[in-house]
Amino acid sequence: MDIGQGAGLSGASGVRPFLPALLAGALAREDTGLDFDGTSFSFLESPWFLLAVFALAVAAYLRDRARKPAPAARPGEARAKIASGRSLPDPLDALMLVLGLALGALLFGGSLADDGYESWPGVLGGIACAALGYFALASLFAGARRRLAGSGGPVTLLGAYADAIALVLAGLSILFPPLGFAALVAFLVLIVRSRGDSAQKYEGLRSLR
């Protein structure tokens with residue numbers, strides 16, 4: 001149960017890092033579903049930590065709204081970028097990945113420490129689960145955001161969708177921990193399907209050339 005809960009929380013943190021940590025900390029303060037008191041992860045439910053995470057969440061939301069659509073690439077340039085596997089880097093996406101890995105490691109470790117287990121396997125497992133969540137969903141949202149920005153489409157709601165998915169997954173993992181394992185399986189399926197679709201697109205571009 002503790003492993004399932006930690007896996008679900010850390011996977012949700014990979015999708016979007018802030019709301020899972022806020023939800024877990026708020027529930028832990030009320031000893032509902034989990035409790036970090038008496039462990040080395042007690043700071044996860046402390047007011048200063050929750051306030052810091054909330055401030056980061058607000059900053060990320062404002063940054064999402066401030067994103068300006070990039071000029072649409074010409075068809076030949078777009079095909080060349082896809083064929084070469086290159087995409088425009090976004091420092092915010094990299095920062096969200098780092099924060100997701102860090103918070104995922106802390107939440108998984110805290111879930112194990114809650115019942116007196118060694119926390120270090122949870123820290124390592126949290127990094128892995130958060131990475132799965134990121135590459136399954138967050139990276140897809142990042143790619144969709146770049147495509148919409150390049151075509152002048154709306155991008156502000158994508159972050160809200162990712163936040164909603166992360167929050168629901170975190171909440172369900174706390175209330176019903178085995179769902180965390182199901183989430184990991186779903187992440188793996190999405191990653192495999194995404195890689196398969198990318199390979200098909202690449203082969204299609206090669207045949208056009």
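All values below were derived from every heavy atom in this structure, side-chain atoms included, with hydrogens, water molecules and symmetry-related copies excluded.
The side-chain heavy atoms of Phe54 and Leu50, taken from C-beta on, include no pair separated by under 4.5 Å. Taking 4.5 Å as the limit, every side-chain heavy atom of Val58 sits out of range of all side-chain heavy atoms of Phe18. Two residues are said to be in side-chain contact when any heavy atoms from C-beta on lie closer than 4.5 Å; Asp2 and Pro177 fail this criterion.
Remark: Leu107 CG to Asp114 CG distance equals 12.0 Å, nearest 0.5 Å. For the atom pair CG (Leu99) and CG (Leu97), the distance works out to 9.0 Å, reported to the nearest 0.5 Å. In this structure, OG in Ser173 is found 11.0 Å from CG in Leu34, a value given to the nearest 0.5 Å. Within the model, atoms CD1 of Ile127 and OG of Ser13 stand 12.0 Å from one another, a figure rounded to the nearest 0.5 Å. Summarising the geometry, atom CG belonging to Leu137 is positioned 5.5 Å from atom CZ belonging to Phe187; distances are rounded to the nearest 0.5 Å. With rounding to the nearest 0.5 angstrom, the CG atom of Leu22 is 9.5 Å from the CG atom of Leu56.
Listed by first and then second residue, the ring pair (Phe, Tyr, Trp, His ring centres under 6.0 Å) pairs involving residues 99-121 amount to none (not counting sequence neighbours). Listed by first then second residue, pairs satisfying salt bridge (Lys or Arg N to Asp or Glu O under 4.0 Å) with a partner in residues 160-172 read Arg16-Asp163, not counting sequence neighbours.
Leu167 and Met96 end up in the same hydrophobic cluster when Ile, Leu, Val, Met, Phe, Trp and Tyr side chains are linked at under 4.5 Å. Under the 4.5 Å side-chain heavy-atom criterion for grouping Ile, Leu, Val, Met, Phe, Trp and Tyr, Leu106 is connected to Val123 within one hydrophobic cluster. Leu190 and Leu188 end up in the same hydrophobic cluster when Ile, Leu, Val, Met, Phe, Trp and Tyr side chains are linked at under 4.5 Å. A continuous path of ILVMFWY side-chain contacts below 4.5 Å connects Tyr161 to Val15, so both sit in one hydrophobic cluster.
In this pair, Phe43 and Trp48 present their aromatic rings parallel. The plane angle is below 30°, not in the 30 to 60° band.
Think of Val168 as one node in a network of Ile, Leu, Val, Met, Phe, Trp and Tyr side chains linked at under 4.5 Å; its network also takes in Leu172, Phe176, Leu179.
Checking side-chain atoms of Ser42 against main-chain N and O of Gly38 turns up no donor-acceptor pair under 3.5 Å.
Shown here is Ile3, whose CD1 atom has no more than 12 heavy atoms of other residues, nucleotides or ligands within 6.0 Å.
The nearest pair of heavy atoms linking Leu9 to Pro20 is O-CB, 4.2 Å. The shortest heavy-atom contact between Ala130 and Gly104 is CB-CA, 4.4 Å. When all heavy atoms are compared, the tightest approach of Cys129 to Ser10 is CB-OG, 3.1 Å. A pairwise comparison of heavy atoms in Asp35 and Ala28 identifies OD1-O, 3.7 Å as the closest pair.
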- prompt: Yes or no on side chain to side chain contact (heavy atoms under 4.5 Å, CB included) for Ile174 and Gln5, after CA distance, side-chain angles and deciding distance?
  reply: CA-CA 6 Å; Ile174 293 172; Gln5 182 183 84; 4.2 Å; yes
message: Between Thr39 and Ser119, does the side chain to side chain contact (heavy atoms under 4.5 Å, CB included) criterion hold? Intermediate values first, please.
response: CA-CA 10 Å; Thr39 73; Ser119 61; over 6 Å; no
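Just one residue in the list Val98, Leu101, Leu95, Leu103 forms a side-chain contact (heavy atoms from CB on, under 4.5 Å) with Pro17, and that residue is Leu103.
Aromatic rings from Phe36 and Phe41 are positioned such that their centres are separated by 6.0 Å or more.
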